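None of these values were measured; they are calculated from a predicted model.
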Amino acid sequence: DAGITQSPRHKVTETGTPVTLRCHQTENHRYMYWYRQDPGHGLRLIHYSYGVKDTDKGEVSDGYSVSRSKTEDFLLTLESATSSQTSVYFCAISESPPLSNTEAFFGQGTRLTVV
Amino acid sequence: KNQVEQSPQSLIILEGKNCTLQCNYTVSPFSNLRWYKQDTGRGPVSLTIMTFSENTKSNGRYTATLDADTKQSSLHITASQLSDSASYICVVSVNTGGFKTIFGAGTRLFVKA
């Protein structure tokens, strides 16, 4: 799976608790992304990073924050989890931005349930 | 509004048969179109990437076509195998210099023995 590891793979948490998901890559790709996937919807971009300490919001960023202190790690934090954030979260990496024609690689996903 | 619509939502075929999945998009300006395969419980895996000037792109038994005039793409699977059972996702990137990509909701393909 292109050297991408997401952790944890599964998590159940209570409403109002903070949660951090980790994406680790060994490909040295510059661009990293966090998506969420919900039934009936296409993947939706939460946040992305175009370099160490360089991040920006995607289309569904409310309630999420990210950090990238090293090339290989991209963290997604839910400051205070809500039931609407129950979803499957995917990390992706690419050498170039999406409008280029380089391939993007996805991690295995993290299934998060907020009860 | 930028949208990517895929049809059918789901499809059941017999092993060895061919099938075609459809993707219609209203994204503008267009940059590229990708097809991904997503097995249950796993992340999407890239099948093809096509730019505006490409009409056809193949990857083994998978052949994608693109008609940029009508804003339609199709993914044709030849001689289907049980391992082709998966969701197939069409993704269009917007050429606005940023990171905007629109994902379709996918077509769920079931291949029966």
Side-chain angles (χ1 to χ4, degrees), chain A residues 1-7 9-10 21 23 25 29-51 54-61 66 74 87-111, chain B residues 1-10 21 23-54 57 59 64 66 86-108:
Chain A
D1 289 310
I4 307 171
T5 304
Q6 290 187 230
S7 58
R9 292 293 315 281
H10 303 271
L21 309 183
C23 178
Q25 62 146 327
H29 284 356
R30 178 180 175 186
Y31 298 87
M32 299 185 75
Y33 315 82
W34 276 108
Y35 293 92
R36 61 178 288 173
Q37 185 174 41
D38 303 293
H41 290 272
L43 277 82
R44 292 178 290 176
L45 182 64
I46 304 171
H47 282 278
Y48 62 92
S49 170
Y50 46 97
D54 291 323
T55 65
D56 208 344
K57 297 178 180 179
E59 61 182 303
V60 290
S61 59
V66 290
F74 193 31
S87 186
V88 180
Y89 291 85
F90 286 98
C91 173
I93 64 173
S94 65
E95 289 185 288
S96 301
L99 60 79
S100 73
N101 300 320
T102 56
E103 196 168 336
F105 301 93
F106 286 79
Q108 296 271 52
T110 294
R111 182 172 294 278
Chain B
K1 180 181 178 183
N2 289 322
Q3 286 186 311
V4 175
E5 302 284 345
Q6 292 188 244
S7 62
Q9 276 191 316
S10 64
L21 313 180
C23 174
N24 296 336
Y25 61 93
T26 58
V27 173
S28 181
F30 172 89
S31 177
N32 57 58
L33 186 146
R34 304 161 189 254
W35 282 95
Y36 286 90
K37 178 186 179 187
Q38 185 176 22
D39 292 315
T40 300
R42 301 181 71 92
V45 174
S46 180
L47 293 175
T48 62
I49 304 172
M50 287 185 292
T51 63
F52 183 90
S53 59
E54 294 176 295
K57 184 72 72 78
N59 179 356
L66 174 64
S87 288
Y88 292 85
I89 302 171
C90 175
V91 185
V92 182
S93 293
V94 185
N95 190 10
T96 55
F99 292 79
K100 195 165 184 64
T101 56
I102 313 297
F103 285 74
T107 291
R108 188 75 175 93

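- Atom CD of residue A:E103 and atom CZ of residue B:R34 lie 8.0 Å apart, to the nearest 0.5 angstrom.
- The environment of CZ in A:R111 is sparse: at most 12 heavy-atom neighbours from other residues, nucleotides or ligands sit within 6.0 Å.
- Residue contact with chain B, scored on non-hydrogen atoms closer than 4.5 Å, involves the backbone and the side chain of A:L43 alike.
- No part of B:Q6 comes within reach of chain A, as not one of its non-hydrogen atoms sits under 4.5 angstrom from that chain.
- Contact between A:A104 and B:Y36 at its shortest, heavy atoms only, is CB-OH, 3.6 Å.
- Interface remark: A:A92 contributes no atoms to any contact with chain B (heavy atom separation under 4.5 Å).
- Using a 4.5 Å cut-off between heavy atoms, A:Q37 touches chain B through its side chain atoms alone.
- Within the 4.5 Å cutoff, the side chain of B:T101 has no heavy atoms near those of the A:Y33 side chain.
- In the displayed structure, B:F52 atom CZ is contacted under 6.0 Å by at most 12 heavy atoms of other residues, nucleotides or ligands.
- No option in A:F105, A:F90, A:Y35 other than A:F90 meets the side-chain contact (heavy atoms from CB on, under 4.5 Å) test with B:P44.
- Residue with the most contacts toward chain B among A:G42, A:C91, A:G109, A:P39: A:G42 (heavy-atom pairs, distance under 4.5 Å).
- Pairing each heavy atom of A:G40 with each of B:A105, the nearest pair is O-CB, 3.8 Å.
- Only the side chain of A:R9 has a heavy atom closer than 4.5 Å to any heavy atom of chain B.
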